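Everything on this sheet refers to the single structure shown next.
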Amino acid sequence: MNCNQCGTQLPFMSSVCSTCGLDAKTGKRAAAVAGATEVASGCPRCHAALAPSARFCTSCGYDLQHEAEIDILVGPQLRKARTWILVVGILYAVFGTMMFFVYRRELPSDFLVKTLLIPNLALFVIHLGLWWWARRAPFAASVVALALFIVVQVVNLALDPSSIKNGIILKVFFIAALVSAVKAGLEANRLRHAQPSR
Amino acid sequence: MTEAPAPPDACPACARPLAPPVGAVVRFCPACGAALAPVAAALAVPDPAGRLGFGMALVFYVLAFLPLVVLLALVDEPEPQTLLYFDAFHLALGLVGVLAYRGEVLAAFGRPRLSLRGLGLVLAGVGATLALAYVLVELLGDADEPTITYYQAHGLPLVLTLLNVAAVPAITEEILFRVLVQRGLERAFPPGTAVFVGACLFAIVHMAPVSLVHLTLLGVVLGELRRRSGSVWPCMLTHAAYNSLVVLIWW
């Protein structure tokens, strides 16, 4: 069986074309081939709307097959950041709750709820949201997560300078993962614009 | 676009039918990528890059944010005088941004495209933000309200407080976020995502955990206003109005 979009012979038992990513059954482009992230939001290069089965952007001529190569180069860093966002979000929830019970005897309860429990649980919820969003837009979510993390550290630093060394190894790994994700996103954009216009 | 003949029904290079996405200009064949118009038209595709890159936008973000950090780290309860220095720094930074990127900034001060529907959406957005802010402050305390009681405690008159809280941030923050940062983000993200990322950064930079949610909402309203009106004037007015309302509610 051949792809009815580009004529490439389809792999055995498969309806998804390996060249243009068109799924013969659904008539849609498979996300995994044409870049796992931004297919639905339009052309990754010029953000114009895309026809569902197009291989090239009708507005700027960008070859969407290029996205598969870009995904091989930068996809792993972007997906790793997503896992880290979830891990750190869960840690906020765990530590916030744990510290609340540790200090419950010594400090007034409503003070602890306002300064410890609610901020940490809010951060947990925000990170869950970022984790969900990162599936569609890993680069954007990584930028926001990195900015949020730096600000949280700075606020903690201003409140209690000794807090910076708590979990320092984890912090370094998290920052490294997010920085590499942001760099990967910038590199992906650079590669998209480097492809010559046809 | 003023290409003389109507676009062909089929690609001249590969003969496949051209089914354009609704409302889009078809310059290239979606199947084989052949240019359908002369090369000049293909080259005329606007490059979203501009002069202001993503990196530059984040540099401005950090610069706007650093003095706050230093202030918080050094002083427990800053005097109003310190805050005035801080304002002066903000204005100077705004001026540097304006001078360095005068092309982008001047372009943002054009005549706005306004509509009644847009006005309604902005009013709804600001109302929702205020309501959310009120609920959060009453529920959790510790957001905008202490800033205002702080000004009161130091005996600053209402007019100066309004100048400090409403007028100056409306000008500086709008130039920083809605012009420079958003312009840089638009280079890296689709327009909607750029507005949302800019709104998140705008909220995060305020460093008040309680305000994160409603400031993100305000950032989205202002960012969309900037994008759809094509001008920063309406954003400044909206921002000043919102901040004034906050001051007047908690004064």
Side-chain angles (χ1 to χ4, degrees), chain A residues 5-6 20 38 41-65 113-115 118-120 122-123 125-126 130 133 136-137 139-141 143-152 154-155 157-159 161 182 185-186 188-189 193 197-198, chain B residues 14 16 18-36 39 42-43 45-49 53-55 58 61-62 65 68-69 71-74 139-142 185-194 196-197 200-201 203-210 212-213:
Chain A
Q5 169 79 28
C6 65
C20 69
E38 287 173 273
S41 56
C43 171
R45 181 160 79 175
C46 74
H47 310 313
L50 290 175
S53 60
R55 185 188 143 177
F56 294 90
C57 171
T58 52
S59 178
C60 71
Y62 180 63
D63 184 351
L64 294 162
Q65 208 186 312
V113 168
K114 268 185 195 170
T115 59
I118 287 179
N120 277 298
L123 283 170
V125 172
I126 290 171
L130 286 173
W133 188 37
R136 271 187 54 97
F139 177 31
V143 171
V144 172
L146 184 60
L148 183 63
F149 185 74
I150 291 171
V151 170
V152 167
V154 167
V155 170
L157 193 68
L159 294 174
V182 171
L186 288 174
N189 275 331
H193 285 275
S197 236
R198 297 169 62 116
Chain B
C14 68
R16 286 191 185 85
L18 298 170
V22 184
V25 183
V26 180
R27 295 190 187 89
F28 297 89
C29 169
C32 72
L36 302 175
V39 182
L43 288 178
V45 175
D47 177 10
F54 173 78
L58 286 195
Y61 174 76
V62 170
F65 158 78
L68 252 173
V69 175
L71 195 72
L72 266 185
L74 292 183
L139 213 64
L140 305 170
D142 201 43
L185 291 174
E186 274 168 2
R187 188 201 187 301
F189 302 111
T193 312
F196 185 67
V197 172
C200 289
L201 296 181
I204 291 171
V205 103
H206 282 80
M207 307 227 300
V210 178
L212 268 183
V213 180

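Numbered from 1 within each chain, the chains take letters A, B, ... in sequence-line order. Being a predicted model, the structure only gives us computed values, none of them experimental.
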With only heavy atoms counted, which part of [X] is less than 4.5 Å from chain B, the side chain, the backbone, both or neither?
X        : result
A:Val182 : side chain
A:Ile118 : side chain
A:Ala140 : both
A:Ile126 : side chain

* **side-chain contact (heavy atoms from CB on, under 4.5 Å) assessment of B:Ile204 paired with A:Val144** => CA-CA 9 Å; B:Ile204 291 171; A:Val144 172; 4.2 Å; yes

* To do: Start with the C-alpha distance between A:Trp133 and A:Leu130, add both sets of side-chain angles, then the distance that settles side-chain contact (heavy atoms from CB on, under 4.5 Å), and finish with yes or no.
  => CA-CA 5 Å; A:Trp133 188 37; A:Leu130 286 173; 4.0 Å; yes

* Asked: Between A:Phe139 and A:Leu186, does a side-chain contact (heavy atoms from CB on, under 4.5 Å) hold up when you go through it step by step?
  -> CA-CA 8 Å; A:Phe139 177 31; A:Leu186 288 174; 3.7 Å; yes

* **Structural part of B:Leu212 lying under 4.5 Å from a heavy atom of chain A** => side chain

* Structure fact -> d(B:Leu185 CG, B:Phe196 CZ) to nearest 0.5 Å is 12.5 Å

